[in-house]
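Small disclaimer: the values here were computed from a predicted structure and weren't measured. Scope of the values below: all heavy atoms of this structure, side chains included, with no hydrogens, waters or symmetry mates. Proteins come first, then strands; the chains are lettered A, B, ... in the order of their sequence lines, and each starts at number 1.
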Amino acid sequence: MTSAMAPAEQRERIWRVVHGIPSGKVASYGQIAQLAGLPRAARLVGRVLSQLPEGSKLPWHRVVNSQGRISFPFGSEPYREQRERLLAEGVVFSGQRVARACFNWD
DNA sequence: GTGGAGGCATTAA
DNA sequence: ATTAATGCCTCCA
């Protein structure tokens, strides 16, 4: 329990930060990690989002890598879903990349 | 209960 | 575009 509690706390913090991303905007994993108080835990964010429960209502699709690109393989199922969700929120895609204007968080 | 190795939805040069 | 480095997590012996 104790050894599994530390990640749980971080997870909660990450959820909170991700949930705070406004619609139509995106943030990078590193950014999220930093805002969550985990300066170098970008990978942790990715891991946490990958282990999200169903119907968590968390805007995980607003999280992309530092290059503004979706971290899933192009054409993949999850890739499409994320792209669709972002487009539905008004996020502008410049090809495979997200418009830099959506990175108003940095 | 402890130690060691591998893997990753990353980031930066 | 590709490669190298980093930090954290999970699993097995």
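Salt-bridge check for A/Arg16 with A/Glu12: failed, with every basic side-chain N at 4.0 Å or more from each acidic carboxylate O. Between A/Glu89 and A/Arg62 a salt bridge is recorded (basic side-chain N to carboxylate O distance below 4.0 Å).
Straight-line distance from the CD1 atom of A/Ile14 to the C1' atom of C/dG7: 12 Å, rounded to whole Å.
At a cut-off of 3.5 Å, with distance as the only test, a side-chain donor of A/Arg69 or A/Gln96 sits close to an acceptor on the other residue.
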(request) Determine which bases of DNA chain B form Watson-Crick or G-U wobble pairs with both distances under 3.5 Å, and write the result as a 5' to 3' dot-bracket string with | for other-strand partners. (result) .|||||||.||||
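Judged by closest nucleotide on DNA chain C, A/Arg69 is the one of A/Ala41 and A/Arg69 placed further toward the 5' end.
Heavy-atom minimum distance, A/Phe72 versus A/Tyr79: O-CD1, 3.5 Å.
A distance of 7.5 Å separates CZ in A/Phe103 from OG in A/Ser66, rounded to the nearest 0.5 Å.
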Taking only nitrogen or oxygen atoms into account, show me every contact under 3.5 Å that the protein makes with nucleotides 9-13 of chain B, one pair per line with its distance.
unit_1, atom_1, unit_2, atom_2, d
B/dA9, N6, A/Leu49, O, 3.2
B/dA9, N3, A/Tyr29, OH, 2.5
B/dT10, N3, A/Arg43, NH2, 3.1
B/dT10, O4, A/Arg43, NH2, 3.3
B/dT11, OP1, A/Tyr29, N, 3.3
B/dT11, OP1, A/Gly30, N, 2.7
B/dT11, OP2, A/Ser66, N, 2.6

(request) Evaluate the salt bridge (charged side-chain N to carboxylate O under 4.0 Å, His left out) criterion for residues A/Arg13 and A/Glu9: first the C-alpha distance (whole Å), next the side-chain angles of each, then the deciding distance (0.1 Å), finally the verdict. (result) CA-CA 6 Å; A/Arg13 220 159 277 161; A/Glu9 236 171 87; 3.8 Å; yes
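Placement of A/Leu87 and A/Ile21 within a single hydrophobic cluster is found when ILVMFWY residues are connected by side-chain heavy-atom separations under 4.5 Å, directly or transitively.
Within the 4.5 Å cutoff, the side chain of A/Gln10 has no heavy atoms near those of the A/Trp15 side chain.
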